[in-house]
Amino acid sequence: LTNEELENKKYGKDFIELFKNIIQKNSILIIGYSGYDSLITDIIKQEIKKISDVYWCNISEPDETSDLVSILKNNNKLKYVNISFDKLFQKLSMTFLKDAKLKNANPIFLPTVVNTKIKKQRELYENKIKFPDIIISRIYETEQLEKFLQTFNKKCVAITGKYKTGKTCFLYKIMESIKDITFFPIVFDMHHGVLENIALALGYETNVSFSLMYNFLNWWNQKKEHLVFIIDDLFNEENYNNFSDDYYIELFNFINISHEFKYIQFIISFQDDIYVKIKDKNIFEMCGLNKFTEINIKKFSDTEIELLLKKYGKDNSADLMKHNNLLSMPYVWEIIKTNDIDLSDDKNFFELYIDTLYQKMQNSNCNITKHALNSALMFLANKQLFQSNQKIKIEQEIYDLLQSQEIINDKNEIRYPDFLIYFGSQFFLKTCTWNETISDNIIPIIQKSKNLTNLQIQTICKIFSMCKEIDDIGFV
């Protein structure tokens, strides 16, 4: 509206046509408006049959003495929404600004917008969880993390564990259960620096991410509210080796500087072998982080296995407890759930899993036999365990399937130790008797090796444990 239109109380033709077009094609939100503008009322009265719903947003109900309110009510068009002007725009901004990126803009941190950005990051993080309904709280590890979160004495905690031991699920469960702390999980795009990713999560695309993040921590700290960044999926085998140490040192230097901000803490998950590499390089000490709290995610305890069996609707029967050692591995539960494996079957877990993989291959009209799939896994296990020079042809379809199921990595190495041990032992047993396997294969390996790795020892022990006759014990 122009000043002239307001003063003369007469709207121009262009305004009227535009207003009619808008109200005919869209729902109407009435915000901060009394309802006593006769000119607006006349336009709406003319177009009332073409208008859809009208939402009257105010902390008090519309005044029925208003002609506009009467027209809308009489035509069943009016819906009242009890909300203040400020609250409404806060809610609208949560939608409109959710994906907005401000490029090289001076940072202005508004609580509603920041909370919207954090909520989006949490949604992205939660989308990584395949089966949230069957996740359990890790009893001992949760107690340890609770101690860390009880005070501001320590700035950072390292969540360590082997590949697929449930670090992400553990952190997801913590975020779900603790409501009086703001958790800010960062989902990384590896095309940007570490701090750039955090700045982008806040809606800022900038070349000075360090400065922006420093301002953000300062702003948040003045609120005196507890904020915990969660850094996940950064220190694993897929990402760590793709970058130089400088890429990660930026993050550790930033954490060190954040010591001046009392209410800020960090939780970082590490694949345990990568955590050891970083420690061995003295990177933490170099960045002034000498007091890392460490929480190691291990196998499930017997109590936790019982809780999981209940979540799966399975009884803790003798049939299922024969798999107890495998059920202590977090990744096994994901495999069971993903492939709908029935543990009550007489076959062992690995045979059941091979049956499932083979069925997937058949469903895709693959011309590979189950024997070829088994042989490929045995060969890969033996090569990885004992550096065998033996060569066999493995079809690309098998590699593709095993990588898609996350059984092997991009170097065609078996990811899971239990799979490695099982198929490594089966490699030796596939063509000869148990006694011949010991005498012709295992004893020579022991004699030739100055040092055996833990996985080699576990594989050999697995083969020894398969003796079935009392006479075999004497042979051993």
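The chain is numbered in sequence order, starting from 1.
Between Tyr163 and Asn236 there is no side-chain heavy-atom pair separated by less than 4.5 Å. In this structure, Leu373 and Leu402 have side chains that are in contact, with non-hydrogen atoms separated by less than 4.5 Å. Residues Pro111 and Trp219 form a side-chain contact, since some pair of their non-hydrogen atoms from C-beta on lies under 4.5 Å apart. The closest side-chain heavy-atom distance from Lys87 to Ile59 is not below 4.5 Å. No side-chain heavy atom of Leu327 sits less than 4.5 Å from a side-chain heavy atom of Phe349. Taking the side chain as every heavy atom from C-beta outward, Asn339 and Gln359 never approach each other to under 4.5 Å. Looking only at side-chain heavy atoms (C-beta outward), Thr303 and Ile139 come within less than 4.5 Å of each other.
Checking Tyr214, Phe266, Trp220 one by one against Phe261, the ring-ring contact (aromatic ring centres under 6.0 Å, His included) holds for a single residue, Tyr214. Under the salt bridge (charged side-chain N to carboxylate O under 4.0 Å, His left out) test applied with Glu304, the options Lys299, Arg138, Lys298 reduce to a single match, Arg138.
For Lys155, the NZ atom is densely surrounded, since the number of other residues' heavy atoms within 6.0 Å is greater than 12. Enclosure of atom CG in Asn367 is not indicated, since only 12 or fewer non-hydrogen atoms of other residues, nucleotides or ligands lie within 6.0 angstrom. Counting non-hydrogen atoms of neighbouring residues, nucleotides and ligands closer than 6.0 angstrom, the NZ atom of Lys262 reaches no more than 12 such neighbours.
There is a side-chain donor-acceptor pair under 3.5 Å between Gln403 and Asn412. Side-chain N/O atoms of Tyr331 and Asp418 include a donor and acceptor closer than 3.5 Å.
With rounding to the nearest 0.5 angstrom, the CD1 atom of Ile268 is 9.5 Å from the OH atom of Tyr275. Expressed to the nearest 0.5 Å, how far SG of Cys366 lies from CD of Glu395 amounts to 8.0 Å. Ile297 contributes atom CD1, which lies 7.5 Å from atom OG1 of Thr160 (distance to the nearest 0.5 angstrom). Note that CG of Asp355 and CZ of Phe350 are 13.5 Å apart. Values are rounded to the nearest 0.5 Å. Atom CG in Leu307 sits 12.5 Å away from atom CD1 in Ile134 (nearest 0.5 Å).
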Identify every side-chain donor-acceptor pair in residues 42-50 under 3.5 Å, counting partners at least two apart or on other chains, and give the distances.
unit_1, atom_1, unit_2, atom_2, d
Gln46, OE1, Lys20, NZ, 3.3
Glu47, OE1, Gln24, NE2, 2.6

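Residues in residues 132-152 take part in these ring pair (Phe, Tyr, Trp, His ring centres under 6.0 Å) pairs, two or more places apart or across chains: Phe152-His226, Phe152-Tyr263. Note on residues 172-200: pairs passing ring pair (Phe, Tyr, Trp, His ring centres under 6.0 Å), not counting sequence neighbours, are Phe184-Phe229. Residue pairs that meet the salt bridge (charged side-chain N to carboxylate O under 4.0 Å, His left out) test with at least one member in residues 70-81, sequence neighbours left out, are Asp53-Lys79, Glu64-Lys73. The stretch residues 217-232 participates, sequence neighbours left out, in these salt bridge (charged side-chain N to carboxylate O under 4.0 Å, His left out) pairs: Lys128-Asp232, Lys223-Glu225.
With sequence neighbours left out, Lys173 forms a side-chain contact (heavy atoms from CB on, under 4.5 Å) with Ile135, Ser137.
Ring to ring, Tyr248 and Phe235 are close: their centroids are under 6.0 angstrom apart. A distance below 6.0 Å separates the ring centres of Tyr353 and Phe419.
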*Could you give me the CA-CA distance, side-chain angles and deciding distance for Phe170 and Leu145, then say whether side chain to side chain contact (heavy atoms under 4.5 Å, CB included) is met?*
CA-CA 10 Å; Phe170 168 67; Leu145 188 55; 3.9 Å; yes

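Looking only at distances, a side-chain donor or acceptor of Gln265 sits under 3.5 Å from a matching main-chain atom of Thr151.
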